[in-house]
Amino acid sequence: MSIFCNKKKEWNVRKGFTLVELLVSVAVFVLVVTLSTGALFSAQTLNVRLQQTQIVLDSVNLGIETMLRDIRYGSNFYCTNVAQNISGRQSCSYAAGIGGTVLIFTPPVALVGSTNSTLDRVAYFVSNGIFYKNEYPSGGNARVNIQITPIDVTVNPVTFWVSGSESTSSSDYNQPAITISFSGVTIPAKNTTIPVSFNVQTTISPRAVDN
């Protein structure tokens, strides 16, 4: 008895990518890498811009905080439009719509070269886009145009509003209120950095009792 076995020839078919599929895949990969790299560089550039702007604004805050500290512990406030060594007190009423561009007052500590700290005066004002402080020590030489804001920022004219500065009697304990309002813009160090505008408005009342 003979047994015949029919064996079918089996072929192993190996499948792969065609040239067109390979080219499409490479094109998609290059596109994704290009977009990702562009987004990364854009994020890095934006981060640098924000850091530069923050450094400038921090410098502005430092200078303004110095002025606010002097005002907070100062006395004998005189609101006017001319930086000068002047005594007395004078308000610039917000209700009357009369604001001043210069604030003069007695500083909290004696100035260098002063012979009588009660007669010392300082003045804060803006000139040519820069915030300045003038010092007028009693019996000493005046120190003028002390810059308190950095050169990489332009400050627009400032307005001081002062109320309750005058003392009509020894029993007047009404605290003066000083409102400061100004705006400005940063000056970028590079042409690729966009200038940033800012606005500042704050009201301060001296901590010492005014009489």
Side-chain angles (χ1 to χ4, degrees), residues 56-112 114 116-138 140 142-150 153-186 197-211:
V56 174
L57 294 181
D58 286 344
S59 299
V60 174
N61 289 335
L62 179 61
I64 300 305
E65 185 60 34
T66 300
M67 177 182 64
L68 297 181
R69 181 185 59 195
D70 283 352
I71 295 175
R72 190 175 293 114
Y73 294 97
S75 58
N76 302 318
F77 296 94
Y78 196 104
C79 183
T80 183
N81 293 311
V82 180
Q84 57 187 318
N85 185 6
I86 189 171
S87 59
R89 304 180 183 187
Q90 179 172 283
S91 294
C92 295
S93 174
Y94 184 83
I98 303 174
T101 58
V102 180
L103 182 64
I104 307 171
F105 58 95
T106 302
V109 296
L111 300 176
V112 177
S114 172
N116 185 351
S117 61
T118 60
L119 300 178
D120 290 347
R121 304 291 274 179
V122 295
Y124 283 95
F125 59 97
V126 172
S127 178
N128 296 323
I130 300 175
F131 232 119
Y132 288 108
K133 172 185 178 182
N134 285 0
E135 294 184 349
Y136 305 102
S138 173
R143 299 177 64 225
V144 299
N145 293 346
I146 304 171
Q147 186 172 337
I148 65 171
T149 52
V153 64
T154 297
V155 179
N156 297 323
V158 63
T159 301
F160 294 100
W161 309 94
V162 180
S163 62
S165 180
E166 298 90 346
S167 178
T168 57
S169 67
S170 60
S171 60
D172 174 21
Y173 291 100
N174 293 326
Q175 289 296 96
I178 298 94
T179 299
I180 306 168
S181 178
F182 66 93
S183 61
V185 62
T186 61
S197 301
F198 61 90
N199 295 277
V200 176
Q201 181 169 320
T202 183
T203 299
I204 311 168
S205 181
R207 294 191 175 183
V209 176
D210 177 73
N211 55 19

Sub-4.5 Å side-chain heavy-atom contact between [X] and [Y]:
| X | Y | result |
| --- | --- | --- |
| M67 | L103 | no |
| T106 | S75 | yes |
| R69 | T66 | yes |
| F131 | I148 | yes |
| V109 | S117 | no |

Open item on the list: Using 30° and 60° as the class boundaries, would you call the ring planes of F105 and Y124 parallel, tilted or perpendicular?
Closed with: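 Because their plane-to-plane angle is under 30°, the rings of F105 and Y124 count as parallel.
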
Distance check, rounded to the nearest 0.5 Å: [X] atom [atom1] versus [Y] atom [atom2]?
| X | Y | atom1 | atom2 | answer |
| --- | --- | --- | --- | --- |
| L119 | N76 | CG | CG | 9.5 Å |
| I98 | T159 | CD1 | OG1 | 13.0 Å |
| D120 | L111 | CG | CG | 4.0 Å |
| T202 | I180 | OG1 | CD1 | 6.5 Å |
| I178 | C79 | CD1 | SG | 9.5 Å |

If you take all heavy atoms of [X] and [Y], which pair is closest and at what distance?
| X | Y | result |
| --- | --- | --- |
| R121 | N85 | CG-OD1, 3.5 Å |
| V162 | Q90 | CG1-O, 4.3 Å |
| Q84 | I104 | O-CD1, 3.3 Å |
| F198 | V153 | CE2-CG2, 3.3 Å |
| N156 | G184 | ND2-N, 3.9 Å |
| S91 | S165 | OG-N, 3.0 Å |

Open item on the list: Please check this pair: side chain of N81 against backbone of T101, looking for a donor-acceptor N/O pair closer than 3.5 Å.
Closed with: yes

Open item on the list: Under a 3.5 Å distance rule, please check whether Q175 uses its side chain to pair with a backbone N or O of P206 as donor and acceptor.
Closed with: yes

TODO: List the steps, then state whether side chain to side chain donor-acceptor pair (under 3.5 Å) holds for N134 with Y136.
DONE: CA-CA 7 Å; N134 285 0; Y136 305 102; 3.1 Å; yes

Task: More than 12 heavy atoms from other groups under 6.0 Å of CG on N128 - done: no

Open item on the list: side chain to side chain donor-acceptor pair (under 3.5 Å), that's the test. Do S138 and N116 meet it? Break it down for me.
Closed with: CA-CA 6 Å; S138 173; N116 185 351; 5.3 Å; no

Task: Proximity of F160 and F77 rings by center, below 6.0 Å - done: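 Ring centres of F77 and F160 not closer than 6.0 Å.
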
